[in-house]
Amino acid sequence: MATLPNPLPTLAADPSGRSLGLGLPLGRLIDATDEGPWHEPLLWHAEYAASSGAWTALGAQAARIGLLPVLIEVGDTQGGPDEWELMPGEMSYPGDHDPEELLAEYWAYAVEEPDDLDETIAPYDETWPGLATGPESLPADPDTRAAETADALLDEGSWFKEPRLALVPARRSADILAAIGWTGPLNHENDVARLCAILRSWEDRFGIRVIALTFDQLVVSVAAPPTTKDEAEAVAAEHFAFCPDNITQGDHETLSEYAEHAVLGRRVWSFWWD
């Protein structure tokens, strides 16, 4: 696996990031994992609450040196990333996995139990329905949409308790989860790089970007959300395989209902694992 040099160690001696061409506010380098300090920082995050415009102000310049932005929550009951029990050593490489094979595997596992899922997953059955088709071209620039969505989340003031802007060394937004060894889906998938492979596919087909993480929740922006009922249901099937708890333990009791209210035309997709 080819990896990019990690710029974060430079910030230990130069917290402002000026030697990297950055102008960072006061922040923290996080190297804490479930087994003790990692050999290099996994991410940097600002000490103070993120506000509208922070993503654009820092994210664009940081991306040029291989640091990608993501909003993180540090104020919920699980604390911030230094308390998330990150496991970078357990992660493989996202590019080593086939997203359709993974989704088919997850679908088969999700429909095994309980036995009363027939109505829940309609119009589909136990057979994996295949990948949803994205548009021929993206109607919006994914990075612009990500910045707009991040600002909207911060402006709403209800999604986060204590939001921070973080920077993660990663080749692409979809890889952020594996880069830090995030364990939010631990009861569903131990190797989050496998989920990153699916996120990469969504990047290519729908222009998603990872924009927010908590201890157990993932939020992505969507440049090209489905625009028809059939398209939304096909994407909802992928969501069910990717994160069954979104439907089996969420606000929407059926895949069709979830497609209508959480996928169709939605510029934000959110995932939570029990």
Side-chain angles (χ1 to χ4, degrees), residues 1-4 6 8 30-45 66-74 76 78-110 146 166-206 208-222 238-249 269-274:
M1 176 182 73
T3 59
L4 295 173
N6 184 351
L8 291 181
I30 304 297
D31 65 359
T33 76
D34 69 321
E35 295 185 345
W38 194 239
H39 63 273
E40 61 183 3
L42 296 167
L43 69 144
W44 170 94
H45 74 74
L67 294 173
L68 300 185
V70 63
L71 298 172
I72 60 170
E73 173 64 79
V74 303
D76 60 18
Q78 289 86 9
D82 54 333
E83 301 177 66
W84 287 358
E85 299 181 342
L86 303 176
M87 301 172 64
E90 301 300 316
M91 307 303 161
S92 59
Y93 177 57
D96 290 340
H97 306 287
D98 181 275
E100 183 163 19
E101 290 180 2
L102 289 172
L103 284 166
E105 175 187 330
Y106 291 144
W107 177 271
Y109 178 78
L167 300 175
V168 177
R171 284 184 173 274
R172 48 195 292 180
S173 179
D175 295 355
I176 285 175
L177 284 62
I180 67 172
W182 188 58
T183 56
L186 195 59
N187 292 334
H188 176 63
E189 174 57 75
N190 293 336
D191 181 4
V192 80
R194 286 159 53 91
L195 297 182
C196 290
I198 296 170
L199 292 175
R200 283 184 171 202
S201 180
W202 291 350
E203 276 188 346
D204 296 338
R205 286 179 287 148
F206 306 107
I208 69 100
R209 294 291 186 269
V210 172
I211 59 168
L213 288 173
T214 73
F215 173 75
D216 56 7
Q217 189 172 6
L218 161 69
V219 181
V220 306
S221 62
V222 190
E238 295 192 24
H239 285 201
F240 178 66
F242 183 82
C243 179
D245 292 340
N246 262 26
I247 295 175
T248 59
Q249 299 191 49
W269 295 343
S270 178
F271 305 92
W272 167 84
W273 289 266
D274 186 8

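As the structure is a computational prediction, the values presented were derived from the model and not from experiment.
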Worksheet entry | Chi angles and distances behind the side chain to side chain donor-acceptor pair (under 3.5 Å) call for Q217, S270 | CA-CA 7 Å; Q217 189 172 6; S270 178; 2.8 Å; yes

Practice prompt. Using distance alone, with no hydrogens and no angle criterion, decide if W272 and D216 have a side-chain donor and acceptor under 3.5 Å apart.
Written response: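 Yes, because at least one side-chain N or O of W272 sits under 3.5 Å from a partner of the opposite role on D216.
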
Discussion item. Does atom CD (E35) have a neighbourhood of more than 12 heavy atoms from anything else shown, all under 6.0 Å?
Written reply: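 No, CD of E35 has 12 or fewer neighbouring heavy atoms, counting only those of other groups under 6.0 Å.
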
Worksheet item: More than 12 non-hydrogen atoms from neighbouring residues, nucleotides or ligands closer than 6.0 Å to CD on Q78, yes or no?
Response: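 Correct, the count exceeds 12.
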
Worksheet item: When you look at E83 and F215, which way does the side chain to side chain contact (heavy atoms under 4.5 Å, CB included) test go after all the steps?
Response: CA-CA 9 Å; E83 301 177 66; F215 173 75; over 6 Å; no

Worksheet item: Going from CD on E105 to CD on E100, what distance comes out if it is rounded to the nearest 0.5 angstrom?
Response: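 That separation rounds to 13.0 Å.
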
Do [X] and [Y] have side chains that get closer than 4.5 Å, going by heavy atoms?
| X | Y | value |
| --- | --- | --- |
| V70 | L167 | no |
| L67 | L8 | yes |
| T214 | I72 | no |
| V168 | I176 | yes |
| W273 | L195 | yes |
| L199 | L218 | yes |
| I180 | P81 | no |

Donor-acceptor pair, side chain of [X] and main chain of [Y], under 3.5 angstrom:
| X | Y | answer |
| --- | --- | --- |
| D82 | I30 | no |
| N187 | D274 | yes |
| N6 | P41 | yes |
| S173 | I208 | no |

Discussion item. Assess the residue pair V192 and L186 against the criterion (side chain to side chain contact (heavy atoms under 4.5 Å, CB included)); give the C-alpha distance rounded to whole Å, side-chain angles, the decisive distance to 0.1 Å, and a yes or no.
Written reply: CA-CA 8 Å; V192 80; L186 195 59; over 6 Å; no

Worksheet item: Less than 4.0 Å between a side-chain N and a carboxylate O, is that true for D204 and R172?
Response: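 Salt bridge present between R172 and D204.
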
Discussion item. Check this for me, if you would: do E238 and R205 make a salt bridge, where the nitrogen-to-carboxylate-oxygen distance has to be below 4.0 angstrom?
Written reply: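 Answer for the salt bridge query: yes.
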
Discussion item. Can you confirm if the NZ or CZ of R200 lies within 45° of the ring axis of Y93 and under 6.0 Å from the centre of its six-membered ring?
Written reply: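 Yes, a cation-pi geometry holds between R200 and Y93.
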
Discussion item. Taking the ring of W182 and the ring of F271, is the distance between their centroids below 6.0 Å?
Written reply: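 No - the distance between ring centres of F271 and W182 does not fall below the 6.0 Å cut-off.
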
Practice prompt. Step through it carefully: locate the ring centre of Y109, locate the ring centre of H188, and say whether they are under 6.0 Å apart.
Written response: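 Ring centroids of Y109 and H188 are no less than 6.0 Å from each other.
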
Worksheet item: Can you list the steps and then say if R209 with E203 is a side chain to side chain contact (heavy atoms under 4.5 Å, CB included)?
Response: CA-CA 7 Å; R209 294 291 186 269; E203 276 188 346; 3.9 Å; yes

Discussion item. Side chain to side chain contact (heavy atoms under 4.5 Å, CB included) for L71 and I211? Distances and angles first, verdict last.
Written reply: CA-CA 6 Å; L71 298 172; I211 59 168; 5.6 Å; no

